[in-house]
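Have a look at the structure below before the remarks.
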Amino acid sequence: MNLVTTVIIITITLSLILAAVSFWLPQLSPDAEKLSPYECGFDPLGSARLPFSLRFFLIAILFLLFDLEIALLLPLPWGDQLLTPLMTLVWATAILALLTLGLAYEWVQGGLEWAE
């Protein structure tokens, strides 16, 4: 048996085992919350027009913004090997300075306070 066939057999076997375990394991102790269609904590039979906290969305947007910052700075080590590594440093510093100023602005405005 060659290596490719062995890897394919191991992959298929492991996938089938994991699929069987994930199908079998949740049925060990079913209760009302596991059997409900929504496990997020909301009442599925209540009103769908309940207001959400605006602060929750602000924190979520800030999280996405800083997550995007990591994606922008991820190629920084490879950028140091360009012909002009100084420009890479300038752009990285500009991104970090802009995000730091935005974070300071949100902090001063009280946007990061979860509860008043």
Q. Excluding sequence neighbours, so at least two apart, what forms side-chain contact (heavy atoms from CB on, under 4.5 Å) with Ile10?
A. Thr6
Q) Out of curiosity, does Leu72 fall in the hydrophobic cluster containing Leu65 (side-chain heavy atoms, cut-off under 4.5 Å, transitive links)? A) yes
Q) With hydrophobic residues grouped by side-chain heavy-atom distances under 4.5 Å, do Phe66 and Trp107 end up in a single group? A) yes
Q.
I need the minimum non-hydrogen distance between Thr100 and Leu96, along with the two atoms involved.
A. OG1-O, 2.6 Å
Q.
So, taking the atom named CD1 in Ile61 and the one named CG in Asp67, what distance separates them when rounded to the nearest 0.5 Å?
A. 13.5 Å
Q: Could you walk me through whether Leu64 and Leu68 pass side-chain contact (heavy atoms from CB on, under 4.5 Å), step by step?
A: CA-CA 6 Å; Leu64 288 175; Leu68 178 66; over 6 Å; no
(Q) Under the criterion side-chain contact (heavy atoms from CB on, under 4.5 Å), I'd like the reasoning laid out for Leu99 against Leu103: C-alpha separation, chi angles, the key distance, then a yes or no. (A) CA-CA 6 Å; Leu99 285 170; Leu103 181 64; over 6 Å; no
(Q) Between Ile9 and Thr13, is there a side-chain heavy-atom distance shorter than 4.5 Å? (A) yes
(Q) Rounded to the nearest 0.5 Å, what separates atom CG in Asn2 from atom CD1 in Ile8? (A) 8.5 Å
Q) Among Leu18, Leu16, Thr11, Ile12, which residue meets the side-chain contact (heavy atoms from CB on, under 4.5 Å) test with Leu14? A) Leu18
